[in-house]
Amino acid sequence: MTEPLSAWTGKTVVLDLASPFVIIGVLKQALDRYLYLADADVHDLRDTSTTRDLYVVDSRRHGVNVNRKEVIVQRDTIVSLSLLEDVVV
């Protein structure tokens with residue numbers, strides 16, 4: 001299941017998680033159980049009054065607010081995955 005993501009390696013992706021978190025960062029590696037991202041924004045939506053969609057659109061418009069050099073995400077926690085460049089503003 002990692003093969004389709006190989007084309008996205010090096011690109012900025014948006015991970016919508018089942019929890020109230022959204023992660024935006026550069027995909028470095030996709031393994032069977034984990035995704036490795038660099039220069040990532042791990043955002044807890046409980047900390048703001050904005051919606052998930054508005055937060056992602058703002059990140060597309062104004063840039064990613066990097067707060068992690070690297071992050072490893074379990075794939076089974078991901079609800080959806082998209083390229084940041086595909087977010088419609």
Side-chain angles (χ1 to χ4, degrees):
M1 182 93 181
T2 60
E3 190 58 36
L5 292 178
S6 63
W8 290 6
T9 301
K11 295 184 178 185
T12 303
V13 296
V14 178
L15 306 180
D16 291 303
L17 304 185
S19 66
F21 282 86
V22 62
I23 301 175
I24 305 170
V26 178
L27 180 64
K28 290 298 183 182
Q29 190 175 17
L31 300 175
D32 287 336
R33 295 186 63 205
Y34 301 96
L35 296 183
Y36 291 83
L37 279 66
D39 300 324
D41 175 6
V42 178
H43 184 74
D44 185 345
L45 293 161
R46 295 172 295 186
D47 292 340
T48 62
S49 60
T50 189
T51 65
R52 183 183 302 262
D53 289 334
L54 287 177
Y55 188 82
V56 172
V57 167
D58 283 347
S59 295
R60 168 78 195 274
R61 283 186 179 139
H62 306 293
V64 178
N65 180 31
V66 175
N67 55 30
R68 306 284 195 285
K69 288 183 182 181
E70 295 180 319
V71 64
I72 300 169
V73 182
Q74 282 186 271
R75 290 179 74 144
D76 62 0
T77 65
I78 301 169
V79 174
S80 72
L81 170 70
S82 62
L83 293 172
L84 183 62
E85 66 189 43
D86 288 342
V87 172
V88 178
V89 292

**Message:** Are Val87 and Leu81 linked, directly or through intermediate hydrophobic residues, by side-chain heavy-atom contacts shorter than 4.5 Å (ILVMFWY only)?
**Reply:**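 Each belongs to a different hydrophobic cluster.
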**Asked** Are Leu84 and Leu37 connected in the hydrophobic side-chain network, where two residues link if heavy atoms are under 4.5 Å apart?
**Response**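 As far as the 4.5 Å side-chain criterion goes, Leu37 and Leu84 are not connected within one cluster.
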**Prompt:** Can you list the steps and then say if Val13 with Trp8 is a side chain to side chain contact (heavy atoms under 4.5 Å, CB included)?
**Reply:** CA-CA 8 Å; Val13 296; Trp8 290 6; 4.0 Å; yes
[atom1]/[X] to [atom2]/[Y] distance, rounded to the nearest 0.5 angstrom?
X	Y	atom1	atom2	answer
Leu35	Ile23	CG	CD1	9.0 Å
Leu27	Tyr36	CG	OH	12.0 Å
Leu15	Arg75	CG	CZ	10.0 Å
Asp58	Thr50	CG	OG1	6.0 Å
Leu5	Lys11	CG	NZ	12.0 Å

**Request:** Using the test salt bridge (Lys or Arg N to Asp or Glu O under 4.0 Å), find all partners of Arg46 that sit at least two apart in sequence or belong to another chain.
**Result:**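 Counting only residues at least two positions away or on another chain, Arg46 forms a salt bridge (Lys or Arg N to Asp or Glu O under 4.0 Å) with Asp44.
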**Message:** Please enumerate all residues that pass salt bridge (Lys or Arg N to Asp or Glu O under 4.0 Å) together with Asp41, with sequence neighbours excluded.
**Reply:**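 For Asp41, no residue satisfies salt bridge (Lys or Arg N to Asp or Glu O under 4.0 Å) once neighbours in sequence are set aside.
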**Prompt:** Partners of Asp53 by side chain to side chain contact (heavy atoms under 4.5 Å, CB included), sequence neighbours excluded?
**Reply:**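 Result, side chain to side chain contact (heavy atoms under 4.5 Å, CB included) vs Asp53: Thr51.
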Shortest non-hydrogen contact from [X] to [Y]?
X	Y	result
Ser59	Ile24	OG-CD1, 3.4 Å
Phe21	Arg52	O-NH1, 2.9 Å
Leu17	Ile78	CD2-CG1, 3.8 Å
Val66	Asp39	CG2-O, 3.5 Å
Val71	Ala40	CG1-CB, 3.7 Å
Arg60	Val89	CG-CG1, 3.5 Å

**Item:** side-chain hydrogen bond (donor to acceptor under 3.5 Å, both in side chains) partners of Ser80, counting only residues at least two apart
**Value:**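 Counting only residues at least two positions away or on another chain, Ser80 forms a side-chain hydrogen bond (donor to acceptor under 3.5 Å, both in side chains) with Asp16.
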**Message:** Show every ring-ring contact (aromatic ring centres under 6.0 Å, His included) that has at least one partner inside residues 50-69, sequence neighbours left out.
**Reply:**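 The answer is His43-Tyr55.
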**Prompt:** Within the distance-only criterion (no hydrogens, no angle test), does the side chain of Asn67 pair as donor or acceptor with the backbone N or O of Val42 below 3.5 angstrom?
**Reply:**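 At least one qualifying donor-acceptor pair exists.
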**Request:** Look at atom CD of Gln29 and say whether more than 12 heavy atoms of other residues, nucleotides or ligands are closer to it than 6.0 Å.
**Result:**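 Yes, enclosed.
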**Sequence neighbours excluded, every pair satisfying salt bridge (Lys or Arg N to Asp or Glu O under 4.0 Å) that has a member inside residues 80-89** =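 Residue pairs with at least one partner in residues 80-89: there are none.
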**Validation row: Leu83, Val14 side chains within 4.5 angstrom (heavy atoms)** =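 Sidechains of Val14 and Leu83: no contact.
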